[in-house]
Amino acid sequence: LDELEEQVEKKPNDADVLAHLALAQFNAGNVPAARKAALASQKIKEKQPLDAYVLARIQVSIGDSDAAKTQWLAVHDSV
């Protein structure tokens, strides 16, 4: 996590770095930080697949599978 946070400090507008930070935060159990990083990534790069995955996982974790599906399909509409 520390390395990813340092990368975000160096490149705050890098959607891919933010998405990786979001996943790491989610896997560490820090859901609020994961959501914040994923949303920041999404603002920079609308169809960033990893942030969509993290946001969908967050929705599933709170029992909202419909929102998770909507989140996932917004990025993967060609599937």
Side-chain angles (χ1 to χ4, degrees):
L1 276 173
D2 292 339
E3 184 178 321
L4 286 168
E5 288 171 350
E6 286 177 22
Q7 288 181 26
V8 168
E9 284 181 28
K10 292 177 185 174
K11 298 179 181 180
N13 294 316
D14 187 324
D16 296 332
V17 172
L18 283 162
H20 281 90
L21 177 61
L23 179 60
Q25 291 284 16
F26 181 81
N27 288 337
N30 191 346
V31 175
R35 184 175 185 277
K36 180 179 177 181
L39 291 173
S41 171
Q42 192 176 56
K43 284 183 182 179
I44 296 164
K45 186 176 179 182
E46 188 177 328
K47 291 195 173 195
Q48 207 298 340
L50 187 55
D51 69 46
Y53 170 77
V54 172
L55 291 169
R57 290 279 312 267
I58 291 169
Q59 294 297 334
V60 168
S61 75
I62 61 172
D64 194 347
S65 58
D66 289 337
K69 182 178 178 182
T70 299
Q71 177 67 45
W72 184 256
L73 291 177
V75 173
H76 298 88
D77 55 8
S78 61
V79 175

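The basis for the numbers below is simple: all heavy atoms, side chains too, and nothing from hydrogens, waters or symmetry mates. Note that the numbering runs from 1 along the sequence shown for the chain.
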TODO: Tell me who clusters with Leu1, hydrophobic residues only, linked when side chains sit under 4.5 Å apart either directly or through other members.
DONE: Leu4, Val8, Val17, Leu18, Leu21, Ile44

Heavy-atom closest contact ([X] atom, [Y] atom, distance):
X	Y	value
Ala38	Ala22	N-CB, 3.5 Å
Trp72	Pro49	CZ3-O, 4.3 Å
Gln42	Asp51	N-OD2, 3.3 Å
Ser41	Ala15	OG-O, 2.8 Å
Gln25	Ala33	CD-CB, 3.7 Å

Task: Co-membership, hydrophobic cluster, residues Val54 and Val31, 4.5 Å side-chain - done: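 Yes; Val31 is reachable from Val54 via cluster members.
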
Measure the spacing between [atom1] of [X] and [atom2] of [Y] and express it to the nearest 0.5 Å.
X	Y	atom1	atom2	answer
Gln59	Asp64	CD	CG	5.0 Å
Gln7	Glu5	CD	CD	11.0 Å
Glu46	Gln48	CD	CD	12.0 Å

Open item on the list: Are more than 12 heavy atoms, taken from residues, nucleotides or ligands other than Phe26, located less than 6.0 Å from that residue's CZ atom?
Closed with: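 Yes.
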
Task: Any pair counted as salt bridge (charged side-chain N to carboxylate O under 4.0 Å, His left out), so long as it reaches residues 13-35, sequence neighbours left out - done: Asp16-Lys45

